[in-house]
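This chain uses plain numbering: 1 for the first residue, then up along the sequence. All values below come from the heavy atoms of this structure, side chains included, with hydrogens, waters and symmetry mates left out.
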Amino acid sequence: ETDNVFSIVAPSPSAIDIDMGQCLVSFSKDSVINGFISNKGTYKVRIDSIYFRGTDANAFSLVSGFPQYIIESNQEHYAEVRFVPNRIGIHSAEIVIITQADTLIQNIRGVGVQPYLNIENDLIDFGAVEIQNFKDTIQVATIKNIGNSPLLITNTKHSYPNDIDFTTISGGGSFTLQPNEIHKMDLRFTAASVGRTSGTLEFHYNGVGSPAVVQLYGQGLGGNVVIPDDSAYAGDRIKVKLLLGNQIKPKTNDIVTNYKVKLSYNP
C-alpha cells in the first residue's frame, strides 16, 4: 500500500563554548548557560555524562543540569557552571559531553583577577538592644584596599533584608581608599521590633567583585506586654488578648526566641 513505512532518524547534538568572564581569585561565579546543548536531529539525544578535563579542570564544575537526561528533537538543555579561579590569569579547560551516539568536546575559559578589597569584618553584630533604643558601633573596621593603587568607592549603601534599622553615622558616601588603608565607620542599630534581624552594608566601586558586602545583625529585646481594659462576672470564661507594645514597626520575619509575661488581676 505504501513504500514510506520506514524512515531513517538520527540525533544531531551540538554544544557551545563557554566564557565565564572575570572572577576574583578564590571567589566563585555561577552562570546559567541557556541552550548549552541542542538537538537539531530527528531523534532524541540522551546525555549520559559531562565532565571537565585539562590543566585548569578543577577550576570549573557543574552546579545544576546534571546528566542523565533526554533532549527531544529540536529542543535544547541548559547547564549551570561554577568558576573558582585559584590564581591570577586565564583558566581554560575542555568540557566533555558523552551522548548515546557521540562525544562532544567544547572549550571553557575564565579569568582570575586580583581582589581590590578585603572584608575586615564580614559580620558586625550589634547584640541585644531594647526596642525603641539604639546602639552605636564606633570606628569599626569594614574594608581594606589590598591593591597597589588608590580605589574609589563610589557609594556605600544599606540593603536588604533590613535596610531601615541599620544606619550609617559617619564614613559613608563616596571616598578614596589608599593602598593598605582600612576604612572605619560609625554605625547604628535601632531596635524597631522584637527578635533577630539582619541587613547588609554594600561598598560599590568600578571593578570586578563590586559591591563588597558586610553583614549586619542585631536583636530587639523587651517591649511592654499589655492587655486591653476588660472585665467579667464571676464564673465567666473570657479570652484575654496579650498585646506587644512599644514596637516601632509591625513584626515581619524577625526571629523571636520567647515571650515571658506576668499577668496580675484584681480578685
Side-chain angles (χ1 to χ4, degrees), residues 1-119 122 146-147 159-161 198 200 202 204-213 215 253:
E1 294 181 359
T2 177
D3 56 0
N4 291 325
V5 177
F6 298 99
S7 61
I8 298 175
V9 294
S12 180
S14 63
I16 60 176
D17 294 340
I18 298 176
D19 189 344
M20 296 294 292
Q22 295 181 331
C23 180
L24 297 178
V25 173
S26 298
F27 285 73
S28 65
K29 178 182 181 181
D30 293 352
S31 292
V32 176
I33 315 299
N34 292 314
F36 174 54
I37 307 175
S38 58
N39 178 19
K40 301 301 182 182
T42 55
Y43 190 72
K44 60 188 178 182
V45 172
R46 186 185 71 241
I47 306 301
D48 290 331
S49 65
I50 299 175
Y51 65 89
F52 301 88
R53 73 183 184 188
T55 304
D56 300 314
N58 58 354
F60 304 97
S61 60
L62 202 61
V63 178
S64 64
F66 297 100
Q68 277 187 353
Y69 53 81
I70 299 294
I71 305 177
E72 299 291 342
S73 175
N74 293 316
Q75 298 296 316
E76 58 186 27
H77 201 275
Y78 79 99
E80 185 176 3
V81 179
R82 176 167 296 165
F83 173 42
V84 185
N86 51 31
R87 68 178 190 283
I88 298 173
I90 297 175
H91 295 59
S92 60
E94 290 182 334
I95 311 172
V96 182
I97 307 164
I98 299 178
T99 76
Q100 82 270 38
D102 200 359
T103 298
L104 305 178
I105 308 294
Q106 303 299 140
N107 296 314
I108 185 170
R109 73 185 299 274
V111 181
V113 296
Q114 175 68 43
Y116 299 104
L117 290 178
N118 183 62
I119 304 297
D122 56 355
I146 58 175
S159 189
Y160 296 107
S198 65
T200 52
E202 298 178 350
H204 293 259
Y205 58 94
N206 294 322
V208 179
S210 177
V213 179
Q215 302 289 327
N253 294 323

For residues [X] and [Y], determine if any side-chain heavy atom of one lies less than 4.5 Å from a side-chain heavy atom of the other.
X    : Y   : result
M20  : F60 : yes
Y69  : I71 : yes
I50  : I37 : yes
P85  : S26 : no
I70  : K44 : yes
N86  : H91 : yes
I108 : V81 : yes
E76  : F36 : no

Please check if the side chain of [X] supplies one atom and the backbone of [Y] the other of a donor-acceptor pair under 3.5 Å.
X    : Y    : result
D17  : N107 : yes
T200 : V213 : no
N39  : N74  : no
N34  : Y78  : no

Shortest non-hydrogen contact from [X] toward [Y]:
X    : Y    : answer
A212 : L117 : CB-CD1, 4.0 Å
H77  : G65  : CE1-CA, 4.1 Å
A15  : I97  : CB-CD1, 3.6 Å
C23  : S28  : SG-C, 3.8 Å

**Prompt:** Of all residues at least two apart in sequence or in a different chain, which pass the side chain to side chain donor-acceptor pair (under 3.5 Å) check with S64?
**Reply:**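 Side chain to side chain donor-acceptor pair (under 3.5 Å) list for S64, sorted by chain: E80.
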
**Request:** For side chain to side chain contact (heavy atoms under 4.5 Å, CB included), just list the numbers for I16 and I33, CA-CA rounded to whole Å, side-chain angles, deciding distance to a tenth of an Å, and then say yes or no.
**Result:** CA-CA 9 Å; I16 60 176; I33 315 299; 3.9 Å; yes

**Salt-bridge present (R53, E94; N to O < 4.0 Å)** = yes

**Request:** Compute whether any side-chain donor of one residue and acceptor of the other, for S73 and T42, lie under 3.5 angstrom apart.
**Result:** no

**Prompt:** Only one of T99, I47, D48 clears side chain to side chain contact (heavy atoms under 4.5 Å, CB included) with P67; which?
**Reply:** I47

Which value, rounded to the nearest 0.5 Å, describes the distance between [X] atom [atom1] and [Y] atom [atom2]?
X    : Y    : atom1 : atom2 : result
L24  : Q114 : CG    : CD    : 9.0 Å
Q22  : F83  : CD    : CZ    : 9.5 Å
N118 : I146 : CG    : CD1   : 5.0 Å

**Sequence neighbours excluded, every pair satisfying salt bridge (Lys or Arg N to Asp or Glu O under 4.0 Å) that has a member inside residues 31-41** = none

**Message:** Within a 6.0 Å radius of atom OH on Y43, are there more than 12 heavy atoms belonging to other residues, nucleotides or ligands?
**Reply:**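 No, the 6.0 Å shell around OH holds no more than 12 heavy atoms from other groups.
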
**Request:** Just jot down the salt bridge (Lys or Arg N to Asp or Glu O under 4.0 Å) partners of D30, sequence neighbours excluded, or say none.
**Result:** R82

